[in-house]
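Each ligand, and each atom within it, is numbered from 1 in the order the structure gives. Computation of the quantities below employed the complete heavy-atom set of this structure, encompassing side-chain atoms and omitting hydrogens, waters and symmetry-equivalent molecules.
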Amino acid sequence: MASPEKLFQVPAPGARPGDTPDFSKLNLPAAGEMRRPDMLADAGDMMDLAFGLVGVLDDKHEAVGEWAPDMAPETLREGLKTMVLTREYDNRMLKMQRTKRLSFYMKSLGEEATAVAMVQALSDADMLFPSYRQQGALIQRGADIVDMMCHCISNGRDNLKGRQLPVHYTNRDLNWFSVSGNLGTQFPQAVGWSMASALKGEEAIACSWIGDGTTAEGDFHAAMTLASTYNAPAILNVVNNQWAISMHNSISRGKAASFASKAIGYGIPGIRVDGNDYLAVYAAAQWAAERARKGGGPTLIEHYTYRGEAHSTSDDPSKYRPKDEYKAWPLGDPVERLRAHLIKQDEWDADSHDKWEADCRERVAAAWKEAVSHGTLEEGPHAPTESMFEDVFAAQPWHLRRQRQELGL
Ligand SMILES: Cc1ncc(C[n+]2csc(CCOP(=O)(O)OP(=O)(O)O)c2C)c(N)n1
Ligand SMILES: [Mg+2]
């Protein structure tokens, strides 16, 4: 009989608070090493991509290898600018939460490329099914940051009338599906939507994001089964930022070598990509989108990245991981890497970057001023109380009518 420690195991992260961060065992392929299979290749013929790492930007900030996308400098500059704006937006909103002008917030530091590059490679008609950490994708789609702020403080201009946690945005005009607080629901929804699009013979595909921890939810597997069976034209992203609040990804991954490799059993291509490499994310998105539009079906993309800050404003990462772990992350920072690449190409310079950062800071500060002119969290105005009985049912059911009468509304 084996000892209890052998029979029952709980995976642990490589380092805990007080330890030196150690990523030496990751053994990641270098940029440019992975091959780029034909877009309509059989999933079974590209399993290596699920265990490797698609990377384009090398240590010298050059774009290398078969995956290097053909992108105009203007497109790359736009991506860089959106990432910087997203970061400034996040910084401002965190500050506002710390001074109690916001109830809750979630930053996306370090993961901006996984959202911005993905959306930049899609067309506007493609439907997005995000989690709460793709604010960069919403900004890239063209959302007004004043509207985003108004939602976060539930004021009179909040399009969700105070019914959602901050950062759980909805934007019908931008083909952005409501962010759900229940992890993982967006994956089967995206697959279902893409199946409907295919049935109607339309070009639009669906794109969804979940986190590493969320792959442990049944919805992930239900979505994969549906997508596999019906050849759904969907891009299914798993943003592996190493953590699910305080839980290390080794818990949700189990014994699988990577999250991308979970696609193999479903007969779906699984690609692991360097999520901090803007060009690599863009290239993978382009490949998967074209495959889907040509009838090749779904792709699962694992973005290998690191959550730079706390999960949300409700947890303290110094309790469960080394303080400087983010700095030790071997894949660097997506903004810094794209900035360095553009500077190397003579398409950007340090002064322009500083100026853009300062512009974004000003823009975000002005947006905040405008947002609070429509009401604050503390003082309102908020959506009228009786509005909570509206919008859900076409005809109000008797019990809601009664509750409304009881409240005298
Ligand atoms: C069904 C469900 N279970 C648990 C939670 C609580 N919860 C919210 S976020 C989160 C961690 C998710 O981690 P991950 O999927 O890795 O995404 P990340 O936050 O790292 O982007 C948990 C457990 C929830 N919202 N819904
Ligand atoms: Mg995570």
Side-chain angles (χ1 to χ4, degrees), residues 10-15 23 26 83 86-87 90 93-94 97 103-119 128-138 163-170 177-190 207-224 236-254 256 258-260 262-263 272-276 281 300-317 319-321 325-326 329 331 334:
V10 181
F23 292 116
L26 291 186
M83 290 202 289
T86 304
R87 215 165 253 199
D90 274 355
M93 296 306 266
L94 182 76
Q97 197 280 339
S103 59
F104 174 83
Y105 196 70
M106 302 174 97
K107 292 180 81 170
S108 60
L109 181 72
E111 301 173 43
E112 294 91 345
T114 68
V116 179
M118 180 59 53
V119 163
L128 310 180
F129 292 80
S131 86
Y132 41 71
R133 222 183 286 283
Q134 279 82 48
Q135 49 267 53
L138 186 54
R163 298 171 191 176
Q164 266 285 24
L165 263 177
V167 308
H168 289 57
Y169 306 101
T170 289
F177 199 79
S178 304
V179 177
S180 164
N182 301 335
L183 295 174
T185 51
Q186 67 269 33
F187 247 37
Q189 287 162 350
C207 173
S208 186
W209 294 259
I210 59 171
D212 43 280
T214 305
T215 60
E217 284 289 333
D219 272 353
F220 167 72
H221 301 279
M224 294 295 282
L236 300 169
N237 295 293
V238 174
V239 182
N240 177 6
N241 61 8
Q242 312 300 314
W243 294 93
I245 314 184
S246 56
M247 198 177 78
H248 187 249
N249 79 71
S250 52
I251 300 268
S252 46
R253 182 167 39 84
S258 69
F259 288 95
K262 293 193 183 235
R272 187 159 63 158
V273 60
D274 176 350
N276 291 11
V281 174
L300 184 77
I301 301 178
E302 173 185 350
H303 301 259
Y304 212 54
T305 183
Y306 189 91
R307 196 193 74 215
E309 287 204 11
H311 169 73
S312 73
T313 46
S314 305
D315 68 308
D316 174 5
K319 296 267 194 298
Y320 54 81
R321 65 184 192 188
E325 202 176 61
Y326 177 47
W329 180 243
L331 300 174

Using a strict cut-off of less than 4.0 Å between a Lys/Arg side-chain nitrogen and an Asp/Glu carboxylate oxygen, indicate whether Asp316 and Lys319 qualify as a salt bridge. yes

Pair Arg87 + Glu112, salt bridge at N-O below 4.0 Å: yes

Give every pair made of an N or O atom of ligand 1 and a protein N or O atom lying under 3.5 Å apart, one pair per line with both atom names and the distance to 0.1 Å, or write 'none'.
from, atom 1, to, atom 2, distance (Å)
ligand 1, 15 (O), Gly213, N, 3.3
ligand 1, 15 (O), Thr214, N, 2.9
ligand 1, 15 (O), Thr214, OG1, 2.6
ligand 1, 16 (O), Asp212, N, 3.3
ligand 1, 16 (O), Asp212, OD1, 3.2
ligand 1, 16 (O), Asp212, OD2, 3.2
ligand 1, 16 (O), Gly213, N, 2.9
ligand 1, 16 (O), Trp243, O, 3.2
ligand 1, 17 (O), Tyr132, OH, 3.3
ligand 1, 19 (O), Tyr132, OH, 2.6
ligand 1, 19 (O), Arg133, NH2, 2.8
ligand 1, 19 (O), His311, ND1, 3.2
ligand 1, 20 (O), Asn241, OD1, 3.1
ligand 1, 20 (O), Asn241, ND2, 2.8
ligand 1, 20 (O), Trp243, O, 2.8
ligand 1, 21 (O), Arg133, NE, 3.1
ligand 1, 21 (O), Asn241, ND2, 3.4
ligand 1, 25 (N), Gly181, O, 2.7
ligand 1, 26 (N), Leu183, N, 3.2

Give me the ring orientation class for Trp329 and Tyr304: parallel if the planes are under 30° apart, tilted from 30 to 60°, perpendicular past 60°. tilted

Tyr132 vs His311 aromatic rings, parallel, tilted or perpendicular, using cut-offs 30° and 60°? perpendicular

CG of Leu138 to OH of Tyr169: how many Å apart, nearest 0.5 Å? 7.0 Å

Hey, what do you get for CZ (Phe129) to OG (Ser178), rounding to the nearest 0.5 Å? 9.5 Å

Keeping waters out of it, list the protein N, O or S atoms under 2.8 Å from the Mg ion (ligand 2). Asp212 OD1, Asn241 OD1, Trp243 O

Does any part of the side chain of His303, heavy atoms only, come nearer than 4.5 Å to the side chain of Asn237, both counted from C-beta? yes

Under a 4.5 Å cut-off applied to non-hydrogen side-chain atoms, are Val10 and Ile251 in contact? yes

Sub-3.5 Å donor-acceptor pair from the side chain of Trp209 to the main-chain atoms of Leu128, do we have one? no

